[in-house]
Amino acid sequence: MSERLSVGDAAPDFALQDADGNEVALKDLRGQSVIVYFYPAAMTPGCTKQACDFRDSLDSLQAAGYAVLGISPDKPAKLAKFRERDGVTFPLLSDPEKETLTAYGAFGEKTMYGKKVTGVIRSTFVVDPEGKIAVAQYNVKATGHVAKLRRDLGL
């Protein structure tokens, strides 16, 4: 089980491929707030709902100074299909080795349908402009999460 992050911790840096195979690095986004969310699998019902909620809120999040990055273990080709199918308008990043997922405490033991399994823990973080964790939320629900996050952020 990986360590969980708390408010005030340094956000682990990462450089991952997006759906087009381009590298996206967290350090390149310093100076702005970044919402980094981890989800189990592209094109599944819950992950689709969550991605579409972020997509539908993106204009207001960006207007408030937030960038959004979605990270899953999916390969870039699958992320590209997901982006095209659902009109996702923010970067979806590929972490097939689960190194970034683990660094954020978003991969490990969880309960699914009453059984303990190892997998992606649906989690959301807000990284402040200095690269520190401003919000750390684990085991978030796919449905309604973005609305709750917006309320938490005062948007």
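Computed from a predicted structure; not experimentally measured.
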Let me have the donor-acceptor pairs involving side chains of residues 9-19, under 3.5 Å, with sequence neighbours excluded, atom names and distances please.
from, atom 1, to, atom 2, distance (Å)
Asp9, OD2, Ser6, N, 2.8
Asp13, OD1, Lys27, N, 3.3
Asp18, OD1, Asp20, N, 2.8
Asp18, OD1, Gly21, N, 3.1
Asp18, OD1, Asn22, N, 2.9

Are side-chain heavy atoms of [X] and [Y] found at a separation under 4.5 Å?
| X | Y | value |
| --- | --- | --- |
| Lys148 | Arg151 | yes |
| Arg85 | Thr48 | yes |
| Val68 | Arg55 | no |
| Leu69 | Leu29 | yes |
| Val120 | Ser72 | no |

Enter the distance from [X]:[atom1] to [Y]:[atom2] here, rounded to the nearest 0.5 Å.
| X | Y | atom1 | atom2 | answer |
| --- | --- | --- | --- | --- |
| Lys141 | Arg122 | NZ | CZ | 9.5 Å |
| Leu93 | Phe38 | CG | CZ | 9.0 Å |
| Cys47 | Asp86 | SG | CG | 11.0 Å |
| Thr100 | Ile71 | OG1 | CD1 | 5.5 Å |
| Leu101 | Ile121 | CG | CD1 | 9.5 Å |
| Lys98 | Thr118 | NZ | OG1 | 10.5 Å |

In one Ile/Leu/Val/Met/Phe/Trp/Tyr side-chain cluster, 4.5 Å: [X], [Y]:
| X | Y | result |
| --- | --- | --- |
| Val126 | Leu58 | yes |
| Val127 | Val24 | yes |
| Leu92 | Leu61 | yes |
| Leu155 | Phe54 | yes |
| Ile35 | Leu26 | no |

- Message: I need the minimum non-hydrogen distance between Ala51 and Phe90, along with the two atoms involved.
- Response: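 Taking every non-hydrogen atom into account, O-CE2, 3.7 Å.
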- Task: Of all the heavy-atom pairs spanning Arg150 and Ser57, show the shortest one and how long it is.
- Result: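 The answer is CD-OG, 3.5 Å.
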- Pairs involving residues 56-75, ordered by first then second residue, that meet salt bridge (Lys or Arg N to Asp or Glu O under 4.0 Å) (sequence neighbours left out): Asp74-Lys78
- With sequence neighbours excluded, tell me which residues meet ring pair (Phe, Tyr, Trp, His ring centres under 6.0 Å) with Tyr39.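 For Tyr39, the residues satisfying ring pair (Phe, Tyr, Trp, His ring centres under 6.0 Å) (neighbours in sequence not counted) are Tyr37.
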- With sequence neighbours left out, the residues meeting side-chain hydrogen bond (donor to acceptor under 3.5 Å, both in side chains) with Asp53 are Lys49
Pairs of donor and acceptor atoms involving the side chains of residues 129-138, under 3.5 Å and at least two apart or interchain, shall be tabulated with distances.
from, atom 1, to, atom 2, distance (Å)
Gln137, NE2, Asp152, OD2, 2.9
Tyr138, OH, Leu5, N, 2.7
Tyr138, OH, Tyr104, O, 2.6

- Query: Can you name the side chain to side chain contact (heavy atoms under 4.5 Å, CB included) partners of Lys115, sequence neighbours left out?
  - Reply: none
- Message: Quick one about Arg4 and Ser123 (side-chain donor to acceptor, distance below 3.5 Å, no hydrogens or angles considered), yes or no?
- Response: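 No, Arg4 and Ser123 have no side-chain donor paired with an acceptor closer than 3.5 Å.
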